[in-house]
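Below is one structure, written out as structure tokens, with a few remarks after it.
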Amino acid sequence: MRATVTVMLKNGVLDPQGEAVKSALGSMGFDGVDGVRQGKVIELDLADGTTEAQVTEMCEKLLANTVIESYRVEMGG
Amino acid sequence: MRAAVIVFPGSNCDRDMAVALRAVGADVTMVWHKDADLPDGVDLVAVPGGFSFGDYLRCGAIAAQSAVTKALVRHVERGGYALGVCNGFQVLTEAQILPGALLMNAGLKYVCKTSPLRVETSESIFTQGYNAGSEIAIPIAHHEGNYTVDDDTLSRLKGDDRVAFRYLENPNGATDDIAGVLSENRRVLGMMPHPERAADPALGNADGAAFFRGIAEALVAA
């Protein structure tokens with residue numbers, strides 16, 4: 001079983017990498033990019049029976065820093 | 001004064017920290033991250049700079065979960081003193097010993113230079129060697145030093161005089177130019193600049209010497 005965790009900086013926390021990517025896209029001629037946010041994806045291969053609650057606990061304790069980051073868990077796939 | 005310097009895989013300022021502490025008379029023990037306990041009778045625990053666990057996941061995140069950090073949390077809860085410099089500051093925030101977080105520098109670049117600072121308070125063992133308001137120059141060397149904290153916590157930090165140091169020329173985008181913060185009981189300090197790199201005249205800058213002298217005066221007397 002697989003879980004996919006997506007970690008993003010919270011809205012309102014400045015994302016300098018996203019800003020740099022946005023600026024690069026603009027200078028390459030891609031118009032209309034109003035915003036870029038860069039995050040990370042963590043794929044977990046899990047023993048059968050691992051619950052979403054357990055993955056959420058992993059996020060709270062390690063995978064995300066909830067002071068600055070939000071996370072989303074997708075189970076399965 | 002008994003001090004412990006924690007060593008994680010990837011720590012690289014641990015020996016500099018030990019040298020600076022020994023120079024003011026501390027009995028220093030190096031403590032490996034797998035040790036579940038700190039040496040008995042330790043007054044001050046220093047978490048040094050470096051790249052603990054390769055900065056994987058987030059700077060300080062994996063170190064914050066190590067066995068020795070759990071012992072550090074117990075030490076702090078008992079009212080023990082602790083100092084985190086650079087990566088050590090990142091570890092202290094990840095372990096939620098200090099509020100806020102250190103994000104990537106706003107300019108996206110690793111910054112390595114001597115940075116002018118203002119000492120904002122002399123009310124701590126770490127800053128009592130300076131007059132509040134005095135200006136000193138201390139080296140910085142980091143890529144993730146952009147101190148970020150929510151508005152409520154920031155006003156609490158300011159109201160309680162817990163900002164220890166501010167940058168005079170903000171090098172990294174840190175909120176309110178903050179370079180170092182104290183815990184609520186003022187016994188834990190986290191800071192991005194490296195006082196241990198400026199603690200001896202032979203290094204060409206001894207502005208950090210008063211930092212370590214202040215610690216020694218407080219803890220030898222204690």
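Lettering follows sequence order; numbering is per chain, from 1.
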field: Heavy-atom contact with chain A under 4.5 Å, split by part of B/L108
entry: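 For B/L108, side-chain heavy atoms alone lie under 4.5 Å from chain A.
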Roughly how far, to the nearest 0.5 Å, is the [atom2] atom of [Y] from the [atom1] atom of [X]?
| X | Y | atom1 | atom2 | value |
| --- | --- | --- | --- | --- |
| A/L44 | A/T50 | CG | OG1 | 9.5 Å |
| B/I125 | B/L219 | CD1 | CG | 4.0 Å |
| B/L72 | B/I97 | CG | CD1 | 4.0 Å |

Shortest non-hydrogen contact from B/L92 toward B/G190: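 Where B/L92 meets B/G190 most closely, the heavy atoms are CD1-CA, 4.4 Å.
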field: Nearest non-hydrogen partners of B/G49 and B/C86, listed with the distance
entry: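 In terms of heavy atoms, the two residues are closest at CA-CB, 4.1 Å.
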Heavy-atom side-chain contact between B/L117 and B/L168 under 4.5 Å: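 When only atoms from C-beta onward are counted, B/L168 and B/L117 do not touch, as no gap falls below 4.5 Å.
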- request: State, with a plain yes or no, whether a side-chain heavy atom of B/F89 is found less than 4.5 Å away from one of B/V181.
  value: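 Yes - at least one pair of side-chain heavy atoms lies under 4.5 Å apart.
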query: Relative to chain B, which segment of A/V13 carries a heavy atom at a distance below 4.5 Å: side chain, backbone, both, or neither?
result: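 Answer is side chain: those atoms of A/V13 sit under 4.5 Å from chain B.
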query: Checking A/L62 against chain B: side chain, backbone, both or neither under 4.5 Å from a heavy atom?
result: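 Contact with chain B: backbone and side chain both.
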For chain A and chain B, what donor-acceptor pairs lie under 3.5 Å, backbone included?
unit_1, atom_1, unit_2, atom_2, d
A/K40, NZ, B/L57, O, 2.6
A/K61, O, B/Q65, NE2, 3.1
A/L62, O, B/R58, NH1, 3.0
A/L62, O, B/R58, NH2, 2.8
A/L63, O, B/R58, NH1, 3.0
A/N65, ND2, B/E94, OE2, 3.2

